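Both counts, for ligands and for their atoms, begin at 1 and track the order of listing. Quick caveat, the model's predicted, so the values are computed rather than measured.
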Amino acid sequence: MNSQPIKIVTILGARPQFIKAAAVSNALSQHPNIQEIIIHTGQHFDRNMSQLFFEEMHLPVPNYQLDIHGLPHGALTGRMMEGIESVLLDEKPDWVLVYGDTDSTLAGALAARKLHIPVAHVEAGLRSFNEAMPEEINRIVTDRISDLLFCPSETSVKHLHDEGRLPKGSRIVVCGDVMKDASKRFSPLMKAPSTSLPDRYILCTFHRTENIDNPQILRQLLSALKQVCETLPVVCPLHPHTRKSMEGIGYAVSESPIRFIDPVGYLEMLYLLSHSSLVMTDSGGLQKEAYYMGKHCVTLRNETEWTELVDHGYNCLAGTDPERIQQDVAKMLDAPAEFPVELYGDGHAAEIIARTIARTI
Ligand code: UDP
């Protein structure tokens with residue numbers, strides 16, 4: 001038996017990755033033969049988009065902080081690759097572990113692959129089939145060069161088989177969704193945000209490039225949300241990119257009927273979710289969390305990677321058309337709060353991932 005621990009370099013950079021890593025890093029730490037080194041690329045850097053998550057969820061402090069942010073996709077990915085490559089050359093890990101679909105994911109996978117270091121991808125096989133999304137490109141390329149592909153569902157496995165372009169010797173493991181693990185583990189610790197909340201409200205987040213970079217769509221979406229406020233108050237933790245785009249079109253946040261608040265930590269988000277009447281979002285993570293917390297969701301996009309939620313009627317795709325959004329909000333507010341089908345594993349995805357990696361040597 002090999003007495004050397006398996007060394008993993010984990011690449012993190014964006015908020016949802018901190019939440020996923022909170023589940024997986026904890027499971028990895030239970031294996032004495034695994035040593036985890038964390039690189040934080042710096043993609044998200046505000047305290048309430050980054051450090052707060054490390055503190056609240058007791059994530060290990062990153063071993064390397066690259067502090068790379070605020071650049072266009074190409075420059076961001078290139079600079080990250082350069083920084084990650086230099087760490088990989090020093091650390092010589094057995095695995096590089098990447099999460100999801102951000103530029104940090106792509107940079108980590110590419111840097112590792114070019115150094116012939118095996119890549120493990122958590123959330124493999126997800127597809128929106130909309131290649132205008134930067135995330136879709138990141139997913140496709142990352143899967144294409146990954147050796148261990150951790151899939152949340154059979155649908156994601158099917159996408160990989162349909163594409164048929166995985167590296168020789170790669171392995172697909174269906175493990176479920178690590179965000180389910182995180183929501184189960186941290187729900188008992190949820191805490192009320194410092195801001196006062198209406199008795200009943202809709203929780204809303206939006207930050208996808210296709211919704212905020214086009215001023216016409218952004219205005220349309222804001223107008224739709226304003227209309228929804230006539231039915232129920234809308235509470236919206238505001239992503240920094242969305243705030244910037246709203247400033248760009250001269251939108252007066254303080255005069256809006258939408259209750260915009262600063263981004264909150266994960267424990268407060270779980271509270272906001274559990275006390276909401278409905279979720280509206282263009283976030284991938286939140287669509288699932290709504291379901292995990294027994295809430296319906298209206299998705300502000302025309303497609304989703306988490307199609308099972310739509311198939312079972314737990315989520316609906318409203319896009320950005322105000323009339324359609326109004327109709328879907330009314331429909332989902334009336335829908336019975338029943339979610340009988342268990343999707344995306346049983347909340348032990350992180351253990352499966354850690355066990356699989358621990359057995360690779
Ligand atoms: N989230 C949070 N605070 C907020 C908004 C979102 O903790 O103010 C969490 C949310 O619960 C989910 C994750 O961040 O777990 C989703 O991240 P995001 O929407 O940035 O990314 P996506 O899921 O779209 O990749």
Side-chain angles (χ1 to χ4, degrees), residues 12-24 43-57 59 69 98-106 122-123 126-128 130 133-136 138-139 142 152 177-187 189-195 197 202-212 234-243 258-276 279-293 295 297 299-301 303-306 309 315 344 349:
L12 303 179
R15 175 170 67 186
Q17 293 166 337
F18 310 142
I19 296 164
K20 292 164 198 173
V24 178
Q43 189 175 342
H44 283 169
F45 55 94
D46 292 335
R47 184 183 146 67
N48 55 1
M49 294 292 287
S50 175
Q51 199 188 330
L52 181 57
F53 291 82
F54 283 81
E55 289 168 8
E56 277 190 344
M57 296 188 287
L59 260 162
H69 49 78
V98 296
Y99 293 92
D101 55 23
T102 70
D103 289 342
S104 301
T105 316
L106 179 64
V122 175
E123 278 198 357
L126 291 177
R127 296 291 180 269
S128 66
N130 174 1
M133 290 178 77
E135 294 91 341
E136 184 77 351
N138 293 345
R139 289 179 197 122
T142 302
D177 175 23
V178 293
M179 284 190 122
K180 188 174 204 177
D181 302 21
S183 70
K184 278 194 171 182
R185 177 159 159 232
F186 291 103
S187 284
L189 305 176
M190 70 172 74
K191 62 178 189 210
S194 50
T195 178
L197 291 169
I202 295 172
L203 177 63
C204 174
T205 72
F206 61 104
H207 67 94
R208 290 261 92 75
T209 311
E210 63 267 30
N211 282 346
I212 65 166
V234 174
V235 174
C236 183
L238 196 49
H239 193 288
H241 294 170
T242 313
R243 181 181 287 279
I258 306 161
R259 285 273 303 271
F260 289 110
I261 59 173
D262 284 336
V264 294
Y266 186 57
L267 303 183
E268 290 167 308
M269 196 61 183
L270 289 171
Y271 183 98
L272 286 173
L273 268 162
S274 77
H275 289 74
S276 68
V279 174
M280 297 174 77
T281 193
D282 64 8
S283 152
L286 213 59
Q287 290 174 54
K288 291 171 291 160
E289 284 168 349
Y291 156 70
Y292 299 147
M293 303 295 279
K295 307 292 170 181
C297 182
T299 294
L300 305 169
R301 288 175 53 195
E303 73 278 312
T304 180
E305 299 75 24
W306 305 95
L309 296 171
N315 185 2
Y344 310 129

Quiz item: To the nearest 0.5 Å, how far apart are NZ in Lys20 and CG in Leu59?
Solution: 13.0 Å

Quiz prompt | Closest non-hydrogen atom pair between Asn138 and Leu106, with its separation | solution = OD1-CD2, 3.3 Å

Quiz prompt | Cationic N near anionic O, under 4.0 Å, Arg243 to Asp262 | solution = yes

Practice problem: Start with the C-alpha gap between Glu135 and Thr209, add the side-chain angles, then the distance that decides, and say whether side-chain hydrogen bond (donor to acceptor under 3.5 Å, both in side chains) holds. | Solution: CA-CA 10 Å; Glu135 294 91 341; Thr209 311; 5.0 Å; no

Quiz prompt | Residue shell around ligand 1, heavy atom under 4.0 angstrom | solution = Arg15, Pro16, Ile19, Phe53, Met179, His207, Arg208, Pro237, Pro263, Val264, Gly265, Tyr266, Met269, Ser283, Gly284, Gly285, Leu286, Glu289

Quiz item: Which pairs with one or both residues in residues 279-289 pass salt bridge (Lys or Arg N to Asp or Glu O under 4.0 Å), sequence neighbours excluded?
Solution: Glu123-Lys288, Asp177-Lys288

Quiz prompt | Given His239, His69, His207, the one that forms ring-ring contact (aromatic ring centres under 6.0 Å, His included) with His44 | solution = His239

